[in-house]
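Everything below concerns the one structure shown next.
We name chains A, B, ... by the order of the sequence lines, and we start the count at 1 in each one.
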Amino acid sequence: MLLVRMKFLQLLFRKPRKLEMLFQVPFCQKQFPYMCLATSACLYSKKKKVNSYEQVDQEKYKNLVYSVTSYKTSAQTPETIFEEDNLLYGPPSKHRPPIKAQTKTPKNWVPLINPNKRIPLLNSDSDVPRKIALQKNKMPSVTRILQQTLSPQQAFYLERWRQKMILELGKDGFEEYTKNLFLQGELFHTALESIFLSEEMAAKEQREDVAISGYLSSVQHVLEDVSEVQALESAVQHETLQYLGLVDCVAKYRGQLCVIDWKTSEKPKPTLKNTFDNPLQVAAYIGAINHDANYDFQVSCGLIVVAYKNGSPAHPHFMDPNLCSQYWNKWLLRLEEYMDRN
DNA sequence: GGATCCTTCTTCTTCTTC
């Protein structure tokens, strides 16, 4: 450990520009590096040192968790990284990234949790998860807002990927490919809904459907931790901020009420960062539920579950209230950008 | 019944060290 640390220090002294690059990030790339720095240095500094994989079934996924939380052969854990960061950078509060990035706060800030929402003392223990129908109106949706406010880099990489795929598959082939991806995602959602509604027949049929059977076995271990489904494919709208969306699922995950987003993916997404804007989407839905009179409860956690076609265990990415608040702020900025443009 | 809407996915920052 000491060796590693010394090496790192040597590197920093030998290559001062590298250090500079770490902190002086071009304007357009500001979000990423701070997220990276923040995860080990800032976010968890005050709180209990949390291993975000504690939620994972440790016995079952010991190796997976290890491979995710360690780097190659070093014996790093989130705790040792935290300690190392602390030693290298000092207490986080004294070594903040440039103020500029921190002051970028939404002009029209609204808290994620609604302080005025009244919740019945007795939990309405209805068996049927609610399903609010989408209202006909002109409010922009969460996905539309996110799509139309992609960062230039995101747009660039997506376009590059699209061109490459078209070159490979042809225009029609590419259309067929995306159509299939969408279909799989939709079928997967429908199947989950049947499972949650205990529609035995439909669920059984879907389990046998080769197109999605892999995805379903992929999430099997996550489903065991999901209970008390409160809403399914349900419309939400933020009454103050004027946007709407369709929430996949609101349920308890390991005892905590979450907005759950089920995703199918071709590529492995072992970290939350791999899911791009999905955490913003989840935060947006949480905020909307909390400011929507159709829902007599509040949510402060999120869960993104990435399922795989080959049936390998899905990656559940739990978002605690602290993480949700951070993504909520990012979402507010995107929303603001959208509103400014439209 | 047709039209429209919300979703469904897709991207990646990384080297010179033994």
Side-chain angles (χ1 to χ4, degrees), chain A residues 3-4 6-12 14-15 18 21-26 28-37 39 71-74 131-148 150-169 173-193 211-212 215 232-237 243-249 259-278 280-282 284-285 288 304-309:
Chain A
L3 254 175
V4 173
M6 282 172 66
K7 265 193 173 171
F8 184 45
L9 284 170
Q10 274 174 4
L11 196 73
L12 290 183
R14 249 191 290 157
K15 308 211 164 154
K18 288 243 154 141
M21 279 165 65
L22 266 177
F23 291 96
Q24 288 185 356
V25 182
C28 59
Q29 299 185 353
K30 59 191 177 301
Q31 292 178 351
F32 272 100
Y34 293 143
M35 267 168 57
C36 303
L37 286 172
T39 44
Y71 175 70
K72 290 191 180 162
T73 52
S74 85
K131 178 166 186 158
I132 311 290
L134 210 57
Q135 300 296 307
K136 210 179 167 189
N137 52 34
K138 283 181 186 160
M139 277 190 212
S141 73
V142 173
T143 48
R144 171 188 290 259
I145 292 163
L146 287 175
Q147 263 169 20
Q148 295 197 8
L150 286 176
S151 70
Q153 308 96 287
Q154 274 181 304
F156 167 80
Y157 286 121
L158 277 169
E159 185 54 26
R160 191 179 66 173
W161 169 83
R162 213 174 67 88
Q163 297 297 343
K164 217 171 74 186
M165 292 298 278
I166 289 174
L167 214 63
E168 217 172 282
L169 306 171
F174 177 66
E175 267 171 30
E176 188 67 25
Y177 168 78
T178 36
K179 212 177 86 184
N180 255 319
L181 279 185
F182 286 169
L183 188 66
Q184 281 179 16
E186 282 160 20
L187 286 173
F188 178 56
H189 276 86
T190 315
L192 285 169
E193 203 170 337
I212 51 164
Y215 291 120
L232 280 174
E233 294 275 317
S234 192
V236 292
Q237 91 178 40
Y243 67 84
L244 56 77
L246 214 48
V247 178
D248 271 359
C249 177
V259 160
I260 306 179
D261 213 348
W262 307 95
K263 301 284 181 195
T264 55
S265 177
E266 304 265 280
K267 280 189 189 172
K269 290 176 178 159
T271 70
L272 188 64
K273 195 188 153 230
N274 296 135
T275 68
F276 297 95
D277 283 341
N278 289 343
L280 278 79
Q281 190 185 1
V282 167
Y285 290 149
I304 295 164
V305 184
V306 187
Y308 304 110
K309 195 184 176 76

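- At a threshold of 4.0 angstrom between heavy atoms, the contacts of A/Arg160 are confined to the sugar-phosphate backbone, with no base atom among them.
- Judged as a salt bridge (charged side-chain N to carboxylate O under 4.0 Å, His left out), and not counting sequence neighbours, the contacts of A/Lys263 are A/Asp261.
- For the pair A/Met139 CE and B/dC6 P, the computed distance is 11 Å after rounding to whole Å.
- A donor-acceptor contact under 3.5 angstrom links the side chains of A/Tyr285 and A/Gln281, judged on distance only.
- Here B/dT11 presents its C1' atom at 15 Å from CG of A/Leu146, a figure rounded to the nearest Å.
- For residues 176-190 of chain A, no pair satisfies salt bridge (charged side-chain N to carboxylate O under 4.0 Å, His left out), with sequence neighbours left out.
- What separates CD of A/Gln154 from P of B/dT10 is a distance of 14 Å, to the nearest Å.
- Atom OH in A/Tyr243 sits roughly 15 Å away from atom C1' in B/dC6 (whole-Å rounding).
- The nearest whole Å value for the distance from the CZ atom in A/Phe276 to the P atom in B/dT10 is 9 Å.
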Under-3.5 Å N/O pairs linking protein and nucleotides 7-9 of chain B:
from, atom 1, to, atom 2, distance (Å)
B/dT7, OP1, A/Leu246, N, 2.8
B/dT7, OP1, A/Tyr285, OH, 2.9
B/dT7, OP2, A/Ser141, OG, 3.3
B/dT7, OP2, A/Thr143, N, 3.3
B/dT7, OP2, A/Thr143, OG1, 2.2
B/dT7, O5', A/Tyr285, OH, 3.4
B/dT8, OP1, A/Asp261, OD1, 3.4
B/dT8, OP2, A/Lys263, NZ, 3.3
B/dT8, OP2, A/Gln281, NE2, 3.3
B/dT8, O2, A/Glu186, OE2, 2.4
B/dC9, OP1, A/Thr264, N, 2.6
B/dC9, OP1, A/Thr264, OG1, 2.7
B/dC9, O5', A/Thr264, OG1, 3.2
B/dC9, N4, A/Gln147, NE2, 3.2

Run the side-chain donor-acceptor check on residues 139-147 of chain A: report pairs under 3.5 Å with partners two or more places apart or on a different chain.
from, atom 1, to, atom 2, distance (Å)
A/Ser141, OG, A/Thr143, OG1, 3.4
A/Ser141, OG, A/Arg144, N, 3.2

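- Between the CD atom of A/Gln163 and the P atom of B/dT10 there is a distance of 18 Å, given to the nearest Å.
- A/Asn180 meets the side-chain hydrogen bond (donor to acceptor under 3.5 Å, both in side chains) test with no other residue; sequence neighbours excluded.
- The salt bridge (charged side-chain N to carboxylate O under 4.0 Å, His left out) analysis of residues 151-165 of chain A, with sequence neighbours excluded, yields the pairs A/Glu159-A/Arg162.
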